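Read through the structure below, which is laid out as structure tokens, and then see the notes.
Since we're looking at a predicted model, the values are computed, not measured. Keep in mind that the numbers below use all heavy atoms, side chains included, and drop hydrogens, waters and symmetry copies. First the proteins, then the strands, lettered A, B, ... as listed; each starts at 1.
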Amino acid sequence: MKILEELNDVQRKAVISTDGPNMIIAGAGSGKTRVLTYKIAYLINKGVDPFNIMSLTFTNKAAREMRERIESIIGSSEARNVWMGTFHSIFARILRIEADRIGYPQNFTIYDTDDSKSIIKKILKEQQLDNKLYKPNIVLGRISSAKNNLISHIAYNNNSELMAADKESAKPKIGLLYTLYQERLRKAGAMDFDDLLFNTNVLLRDFPEVLLKYQKRFKYFLVDEYQDTNYSQYLIVKRLAARNENLTVVGDDAQSIYAFRGANIQNILNMKTDYSDLKTFKLEQNYRSTQNIVNLANSIISRNKKQIKKKVWTSNDTGTKVRLISTSSDNDEGNMVARSIFEIKNEEKAEEKEFAILYRTNAQSRAMEEALRRMNIPYRIYGGLSFYSRKEIKDLLAYYRLVINPNDEEALLRIINYPKRGIGKTSIEKLQVVANQNKISLWNLVEQIQSTNILPKATASRIQEFATMIKSYMVDLDKKNAFELADHIAKSSGVFRELSAARDDDEGVMRFENVEELLNGLKEFSEEESDEVDADNSIRTLGEFMQDIALYTDADDKNKENSNSVTLMTIHAAKGLEFPYVFIVGLEENLFPSIMSLNSRADIEEERRLFYVAITRAEKRLFLSYAKSRYKWGDLQFTEPSRFISELEAKFIDDLSGDSIFEQKETRKKTMEASDSKKKVWGSKRSYEVQQQTATQKRDIMQAKNLTKVDTSVSEPEDTGDAAKVKEGMEVFHERFGRGKVVSIDGTGQNRKATVSFNKVGDKHLLLRFAKLKIL
DNA sequence: TCCGATCTATTTTTT
DNA sequence: ATAGATCGGA
């Protein structure tokens, strides 16, 4: 076959090894996507029906691009029939087909993180729990990690170790919150992201006939970015592929960067034990980057202990050295980057789209943006809030959601008084209480509000009006096409009028335009050909449009694709992408590596892999930079260069930072020592929480894998001040809180805590091993 | 019920 | 810096 001529030896072998379990360990830039696309093309050419192929990718964009490439290779549009997409979108599709079996409506709503968070907040309020102790993000994190390890809320509450861990971290109610949260979702006919995978597992586990149906339907499975799959995803693949084991997984352990959301490198490492006849292919030749870049990346990643042995090499040019830049501030860093882009553009005749600026956190985009704007360099930012998470868009979408699934309480609450129709907080709260008491959904109550006397007549009739309006939309769901109905809702609900009237500043204009853009998108969608094979009518409905809106990310925004502009994104978002010129900015300690990741070797190694991913995005030239000061939460902070800078091998580096790398190491040591005591006290409270969290997370994972050994070891700060000697009644001094008096002491050993009444900040509970109190 | 002033927490990364 | 929550007054 001709297509095979375009592959190197290992790539070709990996492509033609179609049957049985295959694992492709693909170093950065080694043509992994090429192998995947060619393999699918090869299968189709060989006569495999595209309908029988499932290909799981990490983003929808990757799926789309792969599909296009396959079509151009095989020269037909057959590739559109391959089931290709993210785990979430593919299994959402299957769940909609099978929903009634697991007690969900076919039109279930997918809740995004905002929806989840708002539910948790409401539950915390109802339960009268302190949302400072039970931080919604932390609670959600616990729930998410349980779900990713397939621990149901019932199992969670019955799991003595998890319960003990929560108790230990002073949050014994997490199990209860998980249950309440889950009940809430169930009542709303909604699933969160993790539920999509969790419920797929339930479906495949409890309904053998369903499992068999999909096992028969899909004869070939391909999974990209396998190193970033979690236990839940792993098990789905294992179950589905169990019948014929025609499974190809592609991944690179060195690029595993999603452990924070449950990704487990073990999934790669365990392939051999799961599939005894596994064929392994190692793609080690890098076609992407210069020797300098490849070698620098290698030298960085070699510092990690945990990894599969491989030697990534390239026959490309040596290239220029990697440039290291230091600047005085984050704004300066922006200017420096913008200026460099401007110069290279002229000197090397490069286009804007050949440049990428990569950073650790989304917040860093700002300084870059401003600098680029000043120099009139076009750019586009990925990440941050996506189009669909803008307030004005979410408001309008809430109407659509409610019309499709009236039990979607989040949607109902969002719009019942938007635009203002005189239904206030008190009334809404009353409704919620009554609905809860009678165990009916909020919508059910709203519908029949006038047959009750819960609210004053005037309010009740306003609510009735709202319900009537929503019902009138429902009637049109399958009659009008998506655009017609959406447009009608936007206009007759008053949303359009509201936004139109608020166009008195730039922001208002933008909001209005965003809504127009949404409607344009809907129009386009409605005019496309329906791909529902069995659709009896040819219209594309609003329901169809809304199906996986929640799964779209910024990267899926088609509008961003074809513009010639500099790309700004987080390193996470840059996974799988490549650019001729790459700037990695903000290489500062506590930023990259993140302050959240300094607690264990595993965390640091993940940050280092992230650095590796960032470096290996570059084809021609790479620039690294750090600033000596940076604004954080509105005030100026002085920073130190990242430890990763001292890990750079000098022979690959063109050091323009002012200080040589080696000098840097010395200074770093000294400043570390100088700021040592200050930093520890300052971060004491926070680090306690972080360590608790990681320790319990570790336990979760162990649990899921039935390991008996529980690793509770966390790194300990050595200096505990006067901790052991502190007693009730003593006057003490705390670096941050000042003077205070010890009210009480409880716990022993590691867990010894003091309640201290501080003169300035009042009562605080301090863990003595971190608090470094001084006895006065 | 609504509106503005004031306080507050936020920032790791994402489907 | 800034969005969101909270509170008091109209």
Taking A/Asn417 for its side chain and A/Arg421 for its backbone only, find out whether a donor-acceptor pair lies under 3.5 Å. yes
Does A/Asp228 have any salt bridge (Lys or Arg N to Asp or Glu O under 4.0 Å) partners at least two apart in sequence or in another chain, and if so, which? A/Lys575
Does A/Asn590 place a side-chain N or O at less than 4.0 Å from the phosphate oxygens OP1/OP2 of B/dT11? no
A/Lys132 side chain N/O closer than 4.0 Å to the phosphate oxygens (OP1, OP2) of B/dT8? no
Ignoring backbone atoms, test whether A/Ser594 places a side-chain nitrogen or oxygen under 4.0 Å from the OP1 or OP2 oxygen of B/dT11. no
B/dT1 phosphate, OP1 or OP2: any side-chain N/O from A/Arg421 under 4.0 angstrom? no
Could you check A/Lys425 against A/Lys391 and say which one's nearest nucleotide on DNA chain C is further toward the 5' end? A/Lys391
DNA chain B: A/Arg462 or A/Thr570, which has the more 5' nearest nucleotide? A/Arg462
Cation-pi, A/Tyr418 ring and A/Lys391 (6.0 angstrom, 45 degrees): yes
Have a look at A/Thr113 and say if it touches a base, only the backbone sugar-phosphate, or nothing, with a 4.0 Å heavy-atom cut-off. base
Think A/Lys135 has a side-chain N or O under 4.0 angstrom from the OP1 or OP2 of B/dT11? no
Counting just side-chain N and O atoms, does A/Asn362 come under 4.0 Å of either OP1 or OP2 of B/dT13? yes
Does A/Asn417 have a side-chain nitrogen or oxygen under 4.0 Å from the phosphate oxygens OP1 or OP2 of B/dT1? no
Take the angle between the ring planes of A/Tyr388 and A/Tyr552 and call it parallel below 30°, perpendicular above 60°, tilted in between. tilted
Rounding to an integer number of Å, can you tell me how far A/Leu124 CG sits from C/dT6 P? 12 Å
